[in-house]
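Data first, discussion second: the structure below is written as structure tokens.
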Protein chains: 2
Amino acid sequence: MGAQLHRILRTAIIRGELVPGQAISEIEMSKRFSISRQPVREAFIKLGEERLIEVMPQRGTYVRKISVKEVLDARHLREIIELSIVREVTEKHDASLIKTLRQLIAQQQKVKPGDSRSFLALDEELHRTLALHAGRELAWRVTESIKAQMDRVRFLTFDFATPMPQLVGEHAKIVDAIESGDAELAAQRMQSHLRAILTSLPLIAERYPEHFVDE
Amino acid sequence: MGAQLHRILRTAIIRGELVPGQAISEIEMSKRFSISRQPVREAFIKLGEERLIEVMPQRGTYVRKISVKEVLDARHLREIIELSIVREVTEKHDASLIKTLRQLIAQQQKVKPGDSRSFLALDEELHRTLALHAGRELAWRVTESIKAQMDRVRFLTFDFATPMPQLVGEHAKIVDAIESGDAELAAQRMQSHLRAILTSLPLIAERYPEHFVDE
DNA sequence: ACTTGAATACTTGTATACTAGCATCCAAAA
DNA sequence: TTTTGGATGCTAGTATACAAGTATTCAAGT
């Protein structure tokens, strides 16, 4: 139960359904989901470790506002990890991987404009495929957790601008590079792909100031 | 309380005081520390996420045996992160950092042979200093958590061989490289430093088979 | 001798009751 | 009008009680 609730709340926060700064409480959630406080508490602890909420003892629990610094920090770490991964898989020259990736891209192309949830799920699936194919399960677990902060920003992005076709194009270019066997080219394209958020982040932070912490 | 107990059990597992495979239970720990099951339970959840114990519902909780694959995975990820960090700090040319590092090394030289606890604490302090100086708090949190699996091996290592002076020498060489401003040299030395475990790991696994999972 | 099955003693998971601390609000006093 | 102090209602932290499931043990029956 606690694990289930953790995933539910996690996606709700990432999607912005639980707005930053909003107060939530163990009792409130236990009533809403008709469970006791204990599983809620355990879900809260996990969310706190992921920096998605802040538990203040004897005071209350709040959905954390997005920190630009933390997003940049997460992005940087993710870049380090994923660049290494994409280099690894490129060296492997695995045809079956290429096929899987191309199938994912085909699915991404079919996503209807505005369906940001489906796209982000397929996007995550692509990055996950790369990591697991490199045999880096631990690296993927870490990436998955730090990605949350970035995804919060991306969900805001999709609200007013949807460059989905461009992102799919970047994915295709990356896969092309992997197939070519040029690890540095693949890494370079992955890098610029992962740096896209750098240009959008300041705009988002300015457009949705109430979602971000002042710093 | 839960957080305190988490640290206590964490270090106990890393030091091998709680032996791999050993059954522990929430009730047992609650009695030993004179607290209720709930804080114990929360500590267990965290330890489970760090892969230090395994909680099997309705069956029991066990100290996880060391997995060679997981140690190698952790080492690899750590190398990626720390190489990036050491490159960053080298580019910064910060004299105060060099001073701090040299002080740490001086303390490491004073550690008495056999006092592996003190040495590992100072070792961690050095790596932590580098990460935080690069402004990579998130990267350090990740490193800290994945380091646990490696430290379990290192504590076994110290039981029969103590190459502490050699390790201190490696640290000194790394700091020299950082001071010289040659980022690639610093990274190269850090890399070989972090790869030391690769040679000792097979020996340890063979010497202490009961500490390792069969795979 | 072997197998089967029920009782028992564990385990973790969940629900509830109680404790301690913080914040707000409102009234009373200066 | 301003300040102070206490009552009240909230919060999370902890302790305890109960539920559900597993492994073991031991005895009874074949």
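Owing to the predicted nature of the structure, the values given are computational and were not obtained by experimental measurement. In the text below, chain A, chain B and the rest are named by the order of the sequence lines, each starting its count at 1. Just so you know, these numbers use all the heavy atoms, side chains as well, and skip hydrogens, waters and symmetry mates.
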Specify whether A:His127 and A:His171 have parallel, tilted or perpendicular ring planes, treating 30° as the upper limit for parallel and 60° as the lower limit for perpendicular. perpendicular

I'd like to know if B:Glu42 and B:Lys46 make a salt bridge, using a cut-off of under 4.0 Å between side-chain N and carboxylate O. no

Check every atom of D:dA12, C:dA15, D:dT14 against the side chain of A:Ser36 and return the nucleotide holding the closest atom. C:dA15

Thinking salt bridges, do A:Arg128 and A:Glu124 make one under a 4.0 Å N-O criterion? no

Any base atoms under 4.0 Å from A:Thr61, or only sugar-phosphate, or nothing? Heavy atoms, all strands. sugar-phosphate

Rounded to whole Å, the CE-C1' distance (B:Met56 to C:dG13) equals 16 Å

Short side-chain N/O contact to D:dC10 OP1/OP2 from A:Arg59, under 4.0 Å: no

What is the distance, rounded to the nearest whole Å, between atom CZ of A:Arg37 and atom C1' of D:dT16? 14 Å

For A:Met1 and D:dG21, what is the distance between atoms CE and P respectively, to the nearest whole Å? 12 Å

Whole-Å distance separating the CD atom of B:Gln4 from the P atom of D:dG13: 14 Å

I'd like to know if the side chain of B:His6 pairs up with that of B:Glu50 as donor and acceptor (distance under 3.5 Å, no hydrogens or angles considered). yes

A:Gln38 near the nucleic acid: base, sugar-phosphate alone, or nothing, with a heavy-atom cut-off under 4.0 Å? base

What's B:Ile24 touching, base or sugar-phosphate or nothing? Going by heavy atoms closer than 4.0 Å. sugar-phosphate

Answer yes or no: is there an ion pair linking A:Glu17 with A:Arg117, defined by an N-O contact shorter than 4.0 Å? yes

Using whole Å, what does the distance between atom P of nucleotide D:dT14 and atom CD1 of B:Ile35 come to? 8 Å

Between C:dT14 (C1') and B:Glu42 (CD): distance, integer Å: 13 Å

Take atom CD of B:Glu26 and atom C1' of C:dT14, then tell me their distance rounded to the nearest Å. 12 Å

Would you mind telling me which of C:dA23, C:dT11, D:dA12 lies closest to the side-chain atoms of A:Val55? D:dA12

Expressed in angstrom and rounded to an integer, what is the separation of A:Ile27 atom CD1 from C:dA15 atom P? 14 Å

Using a distance-only criterion (donor-acceptor N/O pair, under 3.5 Å, no hydrogens), is the base of C:dT12 paired with the side chain of B:Gln58? yes

